[in-house]
Engineer: 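Submitted below is the structure of interest, expressed as structure tokens.
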Amino acid sequence: MKFKAFLTENGVNLLEKRFLPALDKMGKICHLYLTRDHTMFLHNLLNGDEVQSIAQFQKEALFDDYRISSQNEDRIAFTVDISLLHRAVRSSVSICTEFGSGHTQNRLQIKLVKKLPPNSTQPMPFLTFETKGYKSAVIQDVPISKPLSRSQVLELQNALDMAQDLPQTLVQVHDLNRLQNFVDRMKHVGDLLNVSISKYGDLYVQISTTLISLGAEFRKLLVVGQQADEPAEDRNLSAQTRSTKAILQGNAHSVQVNVRHFAKSLQCHLAKPDCAFYGIAPQGACLTVIFQFFIPGSRQTDKSISLHCRLPVLDPGSS
């Protein structure tokens, strides 16, 4: 079982400045899953009670000189502490900057190794970062779990395949800051958040207690997938009435999620997505949030990067 690659300058920026800070907010421990073509960070894929997040990169987005081999179709997976990984990348970058003259001459290598830790008789696996300077090399070891067995990798891959199912209707939200501000205020009101998404392009979020009811509506959003025209007579109704009517007519879906989970998914804004799509899976199985990244300087989707979350539902809701 071998893995070795060099992080590109773009890969360093993606991980250090954007994705690792975001993923650290999703949970301390995640699976790092390496294949011939992709690198994936997977949170809670084997646990349905927490927010699942899937960050996937084509190998060229992060690395060059990428080499991987294993007896399991060149697939390697293990768990790692995101904060330790982030710290190692950050300090390696600062060493590169301080002692090197650019990333081309002072490259950051990452590889899978087994080492004997101090005061131990048993070799342990590490993800090692090596920064070679002009006169010296700096090595940082990030402890990882024992790599997953063939059957465990298969279980992880099956969970990953299941997590790729798309909702039939997705609405595009550009103003994530407004949504973030609203949820930050709602966290102090209650624990349960009702989310409804219509084929008209409406996203409605509401929190209710015996004393107070708060809601926010995003209207006329871009719809991907199944869509419908809103009846003219409904346009001047209140957001709640319009949402309820759309659900009864089969033109909207609604689920209830934990406010804490919803707020956690919004932390993905640290990865600097250009927009997000929200959708409800068939039978109200989960609330799906898909973050979209554009190629810098364009409005074209960067297909080398993907990030999405699946929020467990507390009540399947109405459909």
Engineer: For the pair N44 (side chain) and V51 (backbone), establish whether a donor and an acceptor sit closer than 3.5 Å, ignoring hydrogens and angles.
Structural biologist: yes

Engineer: Where the side chain of T301 meets the backbone of K303, is there a donor-acceptor pair that is under 3.5 Å apart?
Structural biologist: no

Engineer: Which atom pair, heavy atoms only, marks the closest approach of D274 to H174?
Structural biologist: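 Heavy atoms only, the tightest pair is O-ND1, 3.8 Å.
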
Engineer: Could you check whether any side-chain heavy atom of L112 comes within less than 4.5 Å of a side-chain heavy atom of L127, counting everything from C-beta outward?
Structural biologist: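 Yes, at least one pair of side-chain atoms sits under 4.5 Å.
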
Engineer: Minimum heavy-atom separation for R36 to Y66, with atom names?
Structural biologist: O-CE2, 3.7 Å

Engineer: What pairs meet the salt bridge (charged side-chain N to carboxylate O under 4.0 Å, His left out) rule with one or both residues in residues 40-50, with sequence neighbours excluded?
Structural biologist: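 Matches after skipping sequence neighbours: E50-R260, E50-K264.
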
Engineer: Side-chain contact, heavy-atom cut-off 4.5 Å: M186 with V183?
Structural biologist: yes

Engineer: Under the rule for side chain to side chain contact (heavy atoms under 4.5 Å, CB included), what residues qualify as partners of C268, not counting sequence neighbours?
Structural biologist: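 With sequence neighbours excluded, C268 shows a side chain to side chain contact (heavy atoms under 4.5 Å, CB included) to M26, F291, L307, C309, given in chain and number order.
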
Engineer: If you take all heavy atoms of A239 and Y204, which pair is closest and at what distance?
Structural biologist: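 That would be CB-CE1, 3.8 Å.
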
Engineer: So H261 and P312, do their side chains get closer than 4.5 Å, heavy atoms only?
Structural biologist: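 They are in side-chain contact.
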
Engineer: Return the minimal non-hydrogen interatomic distance between R219 and D202, and the atom names on each side.
Structural biologist: CA-OD1, 3.4 Å

Engineer: Report the C-alpha separation of F41 and L85 in whole Å, then their side-chain angles, then the decisive distance to 0.1 Å, and conclude whether the side chain to side chain contact (heavy atoms under 4.5 Å, CB included) test is met.
Structural biologist: CA-CA 12 Å; F41 295 87; L85 189 63; 3.7 Å; yes

Engineer: Are L176 and V259 joined in one hydrophobic group, where the rule is that I, L, V, M, F, W and Y side chains link up if heavy atoms are under 4.5 Å apart?
Structural biologist: yes

Engineer: Using only heavy-atom distances, determine whether the side chains of D37 and T35 contain a donor-acceptor pair under 3.5 Å.
Structural biologist: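 Judged by distance alone, the side chains do not pair up.
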
Engineer: So F19 and F293, ring-ring contact (aromatic ring centres under 6.0 Å, His included) or not? Walk me through it.
Structural biologist: CA-CA 12 Å; F19 277 85; F293 299 87; 5.4 Å; yes

Engineer: Verify side chain to side chain contact (heavy atoms under 4.5 Å, CB included) between Y278 and V195, making sure each step is shown before the conclusion.
Structural biologist: CA-CA 10 Å; Y278 283 79; V195 181; 5.7 Å; no

Engineer: If you count heavy atoms of other groups shown closer than 6.0 angstrom to NZ of K59, is the number above 12?
Structural biologist: yes

Engineer: Between N10 (side chain only) and A61 (backbone N and O only), is there a donor and an acceptor less than 3.5 Å apart?
Structural biologist: yes

Engineer: So how far is it from L62 CG to H38 NE2, rounded to the nearest 0.5 Å?
Structural biologist: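 Result: 10.5 Å between the selected atoms.
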
Engineer: Find the distance between OG (S198) and NE2 (H253) and round it off to the nearest 0.5 Å.
Structural biologist: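 Result: 10.0 Å between the selected atoms.
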
Engineer: Keeping the roles fixed (side chain from T244, backbone from Q240), state whether a donor-acceptor pair exists under 3.5 Å.
Structural biologist: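 Side chain of T244 to backbone of Q240: a pair is present.
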
Engineer: Can you tell me if K25 has over 12 outside heavy atoms packed within less than 6.0 Å of its NZ?
Structural biologist: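 Result for NZ/K25: open.
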
Engineer: What distance do I144 atom CD1 and L32 atom CG have between them, rounded to the nearest 0.5 Å?
Structural biologist: 8.0 Å

Engineer: Would one find more than 12 heavy atoms of other residues, nucleotides or ligands at under 6.0 Å from atom CD of Q164?
Structural biologist: yes

Engineer: Side-chain contact, heavy-atom cut-off 4.5 Å: R90 with L20?
Structural biologist: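 Sidechains of L20 and R90: no contact.
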
Engineer: Can you find a pair of side-chain heavy atoms, one from V289 and one from F262, that are under 4.5 Å apart?
Structural biologist: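 Result no, sub-4.5 Å side-chain heavy-atom pair not found.
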
Engineer: For E233, does the CD atom have more than 12 heavy-atom neighbours from other residues, nucleotides or ligands under 6.0 Å away?
Structural biologist: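 For E233, atom CD is crowded (more than 12 foreign heavy atoms under 6.0 Å).
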
Engineer: Between E9 and N13, does a side-chain hydrogen bond (donor to acceptor under 3.5 Å, both in side chains) hold up when you go through it step by step?
Structural biologist: CA-CA 6 Å; E9 189 167 358; N13 288 332; 4.9 Å; no

Engineer: For V205 and L193, which heavy atoms make the closest approach, and how far apart are they?
Structural biologist: CB-CD1, 4.2 Å

Engineer: Spell out, as yes or no, whether a donor-acceptor pair under 3.5 Å connects the side chain of S298 to the backbone of I295.
Structural biologist: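 At least one qualifying donor-acceptor pair exists.
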
Engineer: Are the side chains of K2 and R67 in touch, meaning some heavy atoms are under 4.5 Å apart?
Structural biologist: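 The answer is no; the side chains never approach within 4.5 Å.
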
Engineer: According to salt bridge (charged side-chain N to carboxylate O under 4.0 Å, His left out), who are the partners of D141, at least two apart in sequence or on a separate chain?
Structural biologist: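 Counting only residues at least two positions away or on another chain, D141 forms a salt bridge (charged side-chain N to carboxylate O under 4.0 Å, His left out) with K115.
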
Engineer: Quick one: does R150's side chain have a donor or acceptor within less than 3.5 Å of a partner on Q71's backbone?
Structural biologist: yes

Engineer: List the steps, then state whether side chain to side chain contact (heavy atoms under 4.5 Å, CB included) holds for Q152 with L156.
Structural biologist: CA-CA 6 Å; Q152 289 170 323; L156 190 65; over 6 Å; no

Engineer: Does Q226 offer a backbone N or O that forms a donor-acceptor pair with the side chain of T169 under 3.5 Å?
Structural biologist: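 Here the side-chain-to-backbone pair exists.
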
Engineer: Got a sec: does the CE of M1 have more than 12 other heavy atoms crowding it under 6.0 Å?
Structural biologist: yes

Engineer: Contact between Y33 and I54 at the side-chain level, heavy atoms closer than 4.5 Å - yes or no?
Structural biologist: no

Engineer: Only one of K28, H86, R87 passes side chain to side chain donor-acceptor pair (under 3.5 Å) with D81; say which it is.
Structural biologist: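 Of all the options given, the one that passes is K28.
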
Engineer: Strictly distance-based, threshold 3.5 Å: is any side-chain N or O of R242 a donor or acceptor partner for the main-chain N or O of L237?
Structural biologist: yes

Engineer: Tell me, yes or no, whether the heavy-atom count around R178 atom CZ, taken from other residues, nucleotides or ligands under 6.0 Å, exceeds 12.
Structural biologist: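 Buried by this count: over 12 neighbours within 6.0 Å.
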
Engineer: Please check if the number of heavy atoms outside N236 that lie under 6.0 Å from its CG is greater than 12.
Structural biologist: no

Engineer: Go through L7 and F63 one step at a time and tell me if the side chain to side chain contact (heavy atoms under 4.5 Å, CB included) criterion holds.
Structural biologist: CA-CA 5 Å; L7 270 167; F63 303 110; 3.6 Å; yes

Engineer: Taking side chain as C-beta onward, heavy atoms only, is M40 less than 4.5 Å from L160?
Structural biologist: yes

Engineer: So does D229 have more than 12 non-hydrogen atoms from other groups sitting under 6.0 Å from CG?
Structural biologist: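 At most 12 heavy atoms, drawn from other residues, nucleotides or ligands, come within 6.0 Å of this atom.
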
Engineer: Give the C-alpha distance, both sets of side-chain angles, the deciding distance and a yes or no for side-chain hydrogen bond (donor to acceptor under 3.5 Å, both in side chains) between S196 and S254.
Structural biologist: CA-CA 4 Å; S196 68; S254 149; 5.7 Å; no

Engineer: Taking all non-hydrogen atoms of both residues, which atom of T121 and which atom of L116 are closest, and how far apart?
Structural biologist: C-CD1, 3.5 Å

